K.L.:
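I have a structure I would like to understand better, so I am pasting it below and will then ask my questions one at a time.
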Amino acid sequence: MNAIVEKNCTGSYLKIENKYYYVCNQSIISSYTSGQAISVSYEVLEGCAGMTTPDCYLNFNYESIIEIKEII
C-alpha cells in the first residue's frame, strides 16, 4: 500500500509519503472511504479540466494534482 484515501468537502486526495495530492479522476476512487489504504500508479498533471469549486470553505492544501492510472 502506497497511498491513503482522503475525502472531504473540497474533493478527493491521496496521501503519499505524508503529502496530499488532489485526484483529478476522482470517480476511480469513489468506492473507497477516507483512511483506506490502496496501492496506485499515478501521473502528476499540470492541471485538471474536471476540477470543480469546493462545496465548503475549507482550505485544504495539496502538493500537486495527479491522475490515477491504475489501482493495483
Side-chain angles (χ1 to χ4, degrees):
M1 304 298 173
N2 66 346
I4 305 292
V5 175
E6 173 68 35
K7 294 181 178 182
N8 60 42
C9 59
T10 65
S12 296
Y13 303 84
L14 290 182
K15 183 179 181 183
I16 302 168
E17 296 179 1
N18 291 321
K19 295 180 182 176
Y20 289 96
Y21 296 87
Y22 181 87
V23 178
C24 186
N25 56 337
Q26 295 182 23
S27 62
I28 198 166
I29 58 170
S30 63
S31 64
Y32 294 90
T33 59
S34 280
Q36 193 167 357
I38 60 175
S39 292
V40 297
S41 63
Y42 63 92
E43 178 183 339
V44 176
L45 302 176
E46 293 294 319
C48 178
M51 201 170 214
T52 60
T53 304
D55 293 335
C56 64
Y57 295 105
L58 176 67
N59 183 17
F60 193 83
N61 295 320
Y62 55 89
E63 190 71 19
S64 59
I65 300 169
I66 62 171
E67 178 180 41
I68 297 172
K69 294 295 186 184
E70 182 181 17
I71 298 175
I72 307 166

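As the structure is a prediction and not an experimental result, all values here were calculated from the model.
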K.L.:
Ignoring hydrogens, what is the shortest heavy-atom contact between Tyr22 and Cys48? Give both atom names and the distance.
P.N.:
CE2-SG, 4.3 Å

K.L.:
Quick one: pull up OG1 in Thr33 and CD in Glu6 and give me the separation to the nearest 0.5 Å.
P.N.:
10.5 Å

K.L.:
By salt bridge (Lys or Arg N to Asp or Glu O under 4.0 Å), which residues pair with Glu67, not counting sequence neighbours?
P.N.:
Lys69

K.L.:
Partners of Tyr21 by side-chain hydrogen bond (donor to acceptor under 3.5 Å, both in side chains), sequence neighbours excluded?
P.N.:
none

K.L.:
Share the residues that join Tyr57 in a hydrophobic cluster, the rule being Ile, Leu, Val, Met, Phe, Trp or Tyr side chains under 4.5 Å apart at the heavy-atom level.
P.N.:
none

K.L.:
Taking the six-membered ring for Trp, are Tyr62 and Tyr13 parallel (under 30°), tilted (30 to 60°) or perpendicular (over 60°)?
P.N.:
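Tyr62 and Tyr13: tilted rings.
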
K.L.:
Between Val5 and Leu14, is there a side-chain heavy-atom distance shorter than 4.5 Å?
P.N.:
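Yes; the side chains approach each other to less than 4.5 Å.
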
K.L.:
Who passes side-chain contact (heavy atoms from CB on, under 4.5 Å) against Ser39, sequence neighbours left out?
P.N.:
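Here the qualifying residues are Met1, Asn2, Ile72.
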
K.L.:
Does Ile66 belong to the same Ile/Leu/Val/Met/Phe/Trp/Tyr cluster as Tyr32, with side-chain heavy atoms less than 4.5 Å apart forming each link?
P.N.:
yes

K.L.:
State the CD1-SG distance between Ile65 and Cys24, to the nearest 0.5 angstrom.
P.N.:
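Between Ile65 CD1 and Cys24 SG, I get 7.0 Å after rounding to 0.5 Å.
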
K.L.:
Does Ile38 share a hydrophobic cluster with Val23, counting links as ILVMFWY side-chain heavy atoms below 4.5 Å and allowing steps through other members?
P.N.:
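Yes, Ile38 and Val23 fall within the same hydrophobic cluster.
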
K.L.:
Can you list every pair that meets salt bridge (charged side-chain N to carboxylate O under 4.0 Å, His left out) and has a residue in residues 14-30, with sequence neighbours left out?
P.N.:
none

K.L.:
Tell me, please, which residues at least two apart from Ser12 pass side-chain contact (heavy atoms from CB on, under 4.5 Å).
P.N.:
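For Ser12, the residues satisfying side-chain contact (heavy atoms from CB on, under 4.5 Å) (neighbours in sequence not counted) are Lys7, Gln26, Ile29.
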
K.L.:
Roughly how far apart are Asn8 CG and Tyr20 OH, rounded to 0.5 Å?
P.N.:
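Asn8 CG to Tyr20 OH: 9.0 Å, rounded to 0.5 Å.
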
K.L.:
Same cluster or not: Ile71 versus Ile4, using hydrophobic residues (I, L, V, M, F, W, Y) connected whenever any side-chain heavy atoms lie under 4.5 Å apart?
P.N.:
no

